[in-house]
A.B. asks: 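Sharing a structure below in structure tokens format, with a few things to ask.
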Amino acid sequence: MTTIDKDILGSRLPAEGAPKVSFVSLGCPKALVDSERIITRLRAEGYELARKHDGADLVIVNTCGFLDSAQAESLEAIGTALAENGKVIVTGCMGAEPEKITAKYPNVLAITGPQQYESVLDAVHRATTRPHDPFVDLVPPEGIKLTPRHYAYLKISEGCNNRCTFCIIPKLRGDLVSRPAADVLREAENLVKAGVKELLVISQDTSAYGVDVKYATSTWKDKEVRAKFYDLADALGDLGAWVRMHYVYPYPHVDDVIPLMADGKILPYLDVPFQHASPTVLKRMRRPAAQDKALARVQRWREICPELTIRSTFIVGFPGETDEEFEFLLDWLDEAQLDRVGCFRYEPVAGAESNGIAAAVPQEVIEQRWNRFMARQQIISARRIKRKVGTRQQVIIDEVGPTVAKGRSKADAPEIDGSVYVTSRRPLRVGEIVTAKIERADAYDLYGTAGF
Ligand code: SF4
């Protein structure tokens, strides 16, 4: 959960007596970007953000509906906001199924679905006295960020054309809608001008970018840029920031982007949500991209760019998953030698087609499989991270302490990957990129010295 803090409100103060809005942001980075957009609009109109629900004019809760546990957390946040304030607007993924909210909380002021910024703003206008003057000049061109100043998520599209059986996101967010390349690049440039050093490219399916608009071109700095994964990566690589690619499926055209990584134009990092390796499970999951060729693809990527870090997520205990299918997955992990891996236990999300596809795997079997999966991958991850000992790595500093700073190498995305702990003779600054000599590694993190 992201709570909104005064530090992100910008340096200038809103007008005296401006209505105050308290904001709760739940869910994934895509939801966080939605929150940023709503807050940017609110601040542009002169609303003030409140630290607490109590004393605010109203509360907005941006919900997550991906898993049942996320829905429960969202309902709890709505209940807290109602108890502490009483005037609550609900938006985000859960807003696509309003009856789930009204059944428990019939007295919320309004419910809107994901990306319905205008509807959220309309509901705020109805519930408060709108500030007299639009304080457009209060908002910096890059908008209001909920992430630290030195990195930012860059959402390039909404929705998804795939229909994975375990996922209700297309139901909640609709089909793929890609942003024009020039819009994305303009936003990215503003972020970099405002001090952002690392751009995290996100969407539901990044490598499908532009398919919906037939890779339409738009004009960026007197050049025509196609809304295509390669072209966007190439143009973003010219902005002088680290560019990290998330949610990339192993389609053949991803091969073309790897040389940009080998050339240092974008980070040698790919977040590829494989979810499973067994062809029969993948078929039941209805996953995009030819997964049977995924191993060969991973090997080719590494030949082109030996520095490449591959992160992925998997699901164990998918309905009908047999012992053989699970063993296939473990063997595949040994072959693929992925660097960073997350694993979810299958959860029967209400409304997901997969729940009725085959018999549910018993909970204790899911638990055993999860433990075996994690143990197997931990050995692989530890072996791969140890290869960094003795090398020099660029590290972006996230937090500073009295003697040690915490940062990330090019192989580590914020929130999900490991850290690099850096000692230095001089004080380091948040957002600074330093070169560190790596002296030690444990299963997830590296330890080194800067300024050697
Ligand atoms: S690719 Fe599959 S899992 Fe990802 S958002 Fe689309 S349907 Fe859901």
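Counting starts at 1 for both ligands and their atoms, in listed order.
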A.B. asks: Starting from atom 8 (Fe) of ligand 1, locate the nearest protein heavy atom and write down its residue, its atom name and how far away it is, to 0.1 Å.
C.D. replies: Cys167 SG, 2.3 Å
A.B. asks: Measure from NZ or CZ of Lys228 to the centre of the six-membered ring of Tyr215 and say whether it is under 6.0 Å with the direction within 45° of the ring axis.
C.D. replies: yes
A.B. asks: Provide, to 0.1 Å, the distance between atom 6 (Fe) of ligand 1 and the closest protein heavy atom, together with that atom's residue and name.
C.D. replies: Cys160 SG, 2.3 Å
A.B. asks: Is there a side-chain hydrogen bond (donor to acceptor under 3.5 Å, both in side chains) between Asn85 and His53? Walk through the geometry before answering.
C.D. replies: CA-CA 6 Å; Asn85 183 286; His53 295 341; over 6 Å; no
A.B. asks: Do Ile60 and Val24 make a side-chain contact, defined as non-hydrogen atoms from C-beta onward lying under 4.5 Å apart?
C.D. replies: no
A.B. asks: Are Asn355 and Phe166 close enough that some pair of their side-chain heavy atoms sits under 4.5 Å apart?
C.D. replies: no
A.B. asks: Is it the side chain (CB and beyond), the backbone, both or neither of Pro170 that lies under 4.0 Å from ligand 1, heavy atoms counted?
C.D. replies: side chain
A.B. asks: Report, in ascending order of atom number, the atoms of ligand 1 lying under 4.0 Å from any heavy atom of Arg287.
C.D. replies: 2 (Fe), 3 (S)
A.B. asks: Report the part of Asn162 in contact with ligand 1, treating N, CA, C, O as backbone and CB onward as side chain, heavy atoms under 4.0 Å; options are side chain, backbone, both, neither.
C.D. replies: both
A.B. asks: Has Cys164 got an N, O or S atom lying less than 2.8 Å from atom 2 (Fe) of ligand 1?
C.D. replies: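 Yes, within the cut-off.
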A.B. asks: Just which atoms of ligand 1 are under 4.0 Å from any heavy atom in Gln204?
C.D. replies: 5 (S)
A.B. asks: Could a heavy atom of Tyr249 be found less than 4.0 Å from some atom of ligand 1?
C.D. replies: yes
A.B. asks: Is the shortest distance from a Lys or Arg side-chain nitrogen in Glu415 or Arg408 to a carboxylate oxygen in the other one below 4.0 Å?
C.D. replies: no
A.B. asks: Compute the centroid of each ring, for Phe318 and then for Tyr346, and state whether the two points are separated by less than 6.0 Å.
C.D. replies: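 Yes: the rings meet the under 6.0 Å criterion.
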